[in-house]
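Only one structure is covered here, and it is reproduced in the block below.
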Amino acid sequence: MGKAVTSHRTPKPTSPLRANSAFRQHRELDSLMHTLIKNVLAATEPKDAVTVKGWVRTRRDAKGFSFLELNDGSCFGSLQCVVDAGTPGYDGIAHFTTGASAVIEGKLVASPAQGQKWELRATKIELIGEADASYPLQKKGHTLEFLRSIAHLRPRSNLFGAVFRTRSRLALAVHEFFQSRDFFYVQTPIITASDCEGAGEMFRVTTLMGKPDAKSEADFFGKPTFLTVSGQLEAETFACALSNVYTFGPTFRAENSNTARHAAEFWMIEPEMAFCDLAGDMDLGEEFIKAMARYALEHCAEDLAFFSKFVDKGLNERLKFVVERPFVRVPYTEAVEILNKSGKKFEFPVSYGQNLQSEHERFLTEEHFKSPTTVFNYPREIKPFYMRLNDDQKTVTAMDVLVPGIGEVIGGAQREERPAQLAENMKFHKLNEQDYWWYADLRKYGTVPHAGFGLGFERLLMFLTGVSNIRDVIPFARTPGNAEF
RNA sequence: UCCAGAGUAGCUCAAUGGUAGAGCACGCGGCUGUUAACCGUGUGGUUGUAGGUUCGAGUCCUACCUCUGGAGCCA
């Protein structure tokens, strides 16, 4: 240990968006520290003294020297280091095995061989921490199932490094999208007492462990509390004050869902706009998805190239298509007609008043329109109380954005802003008005038409990376029976 | 939760009801500006768990567990 691990100061900011900001103040210190491999590989000319720190991906020994491939996760690629016998530290070369951490100093030179532009001719190598022979990540491909069982190590693999770099950049893109449109970021509570909209089974939050007979009045908050299933109702209160707001945070559903697109803990993005109707809501949803696709193409090109090659061959085409073409918009009633006239045999029959099944959604977006599709104006019976009743008295201003391969990515609506109608909606859905007194107050004091939607961040990532299981786009997945890490 | 499929070495997979094997990983030796390096060699197993059928079960039967795909709930 010692010197090798002492420099942990924030390296220079490298986000293109922060290039000229005050965040660059540590830049001068960079030369005293190590250089991220991302910056080494982007060099435009040879350099005399470079120090890199990372984890050994592989070592290939030759007579009299070795190739060490070092990766620090700062970018997709690894740096090939050439270490001659006799280089300080070479006597311990056998310990530089896959997974070991190391510091390498050397000269950056143009590589004489195919496969890489630059390589580091080592002048000194130092082992930081060796990797036990049982290190499970091999140089060969692994199944996603196996990698899930080593979630603490999988970020060191090509795929998961790419996924989580992309996730980070898109999280920033979410904020930039909304902030640049004058939306304010609202942090809605994670612990909540309201059963909200019946959006799903909830996790109970309590300090009454081991006291099964205790009344909820004796609980920490003096009433039953849960982990939030949505920040929407709270976001509405802020939209009715700051005009345009969004949430971006963890959401919890205690459903016993066992699918590739459900998790018990996931991140949801919920914009809410005052003085906005359903059309404006659909516009925002479409713009948002297009902007995310564009951002990924522009800022995650290297990682996307990997996804296109090994995860989803059609990814780049699809993202370009999404960016360039308008989404299809179709009323629910018309969607049902299309499905009925399709001549296609569905496992579940299509009929008005029923929710669209996965197979129906897939047909619309993958076969019929071959495009992301927004379905709107659903029957009120199958949608929550807060959605605005249309003049036909039968449908509500709901909208779902469906994308090929994933299904529903966005669920949203224009909200019911008329106090009497909101009360009627609650009766219709057999809800207790008293439980929503503060929500109803928004309609009592200066009500405005407003609209918003919820978007699953992980589902968005699945769509943008081609990764087909939600467990593989979230760092540590929580699903029924699984919270190991 | 329902339907279907699968659990064999650290990983990926073979094995008619009849002596459990290969590749990779790992160890050792060799070779080479190599790049999923290569060649030789060695180590490595309570066949998911518990029962049952049989002279004999990785293989057939029952239950359970786990995972995968599909469905429901949704984002």
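Numbered from 1 within each chain, the chains take letters A, B, ... in sequence-line order.
A donor-acceptor contact shorter than 3.5 Å links the side chain of A:Asp72 to the backbone of A:Ile37.
A:Glu145 comes within contact range of the sugar-phosphate backbone alone, with a heavy-atom separation under 4.0 Å but no base atom that close. Looking at heavy-atom distances under 4.0 Å, A:Pro136 makes no contact with the nucleic acid at all.
Checking A:Asp61 against A:Gly456, the closest nucleotide of RNA chain B that is more toward the 5' end is the one next to A:Asp61. Projected onto RNA chain B by closest heavy-atom contact, A:Asn256 and A:Phe146 fall at different nucleotides, the more 5' of which corresponds to A:Asn256.
B:rG58 and B:rG21 have their C1' atoms separated by 12 Å, with the value rounded to a whole Å.
Aromatic ring pairs are classed by plane angle as parallel below 30°, tilted from 30° to 60° and perpendicular above 60°; the pair A:Phe67 and A:Phe65 is perpendicular.
Residue A:Arg148 contributes atom CZ, which lies 16 Å from atom C1' of B:rC11 at whole-angstrom precision. Distance A:Phe453 CZ to B:rC74 C1': 16 Å, rounded to the nearest Å. At whole-Å resolution of the value, NZ in A:Lys139 and P in B:rA36 are 10 Å apart.
When A:Arg261, A:Arg471, A:Arg478, A:Arg167 are each tested for a salt bridge (charged side-chain N to carboxylate O under 4.0 Å, His left out) with A:Glu458, only one passes: A:Arg167.
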List every contact pair, protein side and nucleotides 2-9 of chain B side both N or O, where the distance is under 3.5 Å.
none

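Listed by chain and number, the residues in a ring pair (Phe, Tyr, Trp, His ring centres under 6.0 Å) with A:His142 are A:Phe146 (sequence neighbours excluded).
Aromatic rings of A:Phe457 and A:Phe248 (six-membered ring for Trp) have centroids within the 6.0 Å cut-off, being under it.
By the 5.5 angstrom centroid cut-off and the 30-degree plane limit, A:Phe67 is classified as not stacked against the base of B:rG33.
Judged by distance alone with a 3.5 Å cut-off, no donor-acceptor contact links the side chain of A:Arg60 to the base of B:rC38.
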**OP:** Go through the steps to decide whether A:Asp48 and A:Lys107 satisfy the test salt bridge (Lys or Arg N to Asp or Glu O under 4.0 Å), and finish with yes or no.
**Re:** CA-CA 5 Å; A:Asp48 275 347; A:Lys107 291 181 181 178; 5.1 Å; no
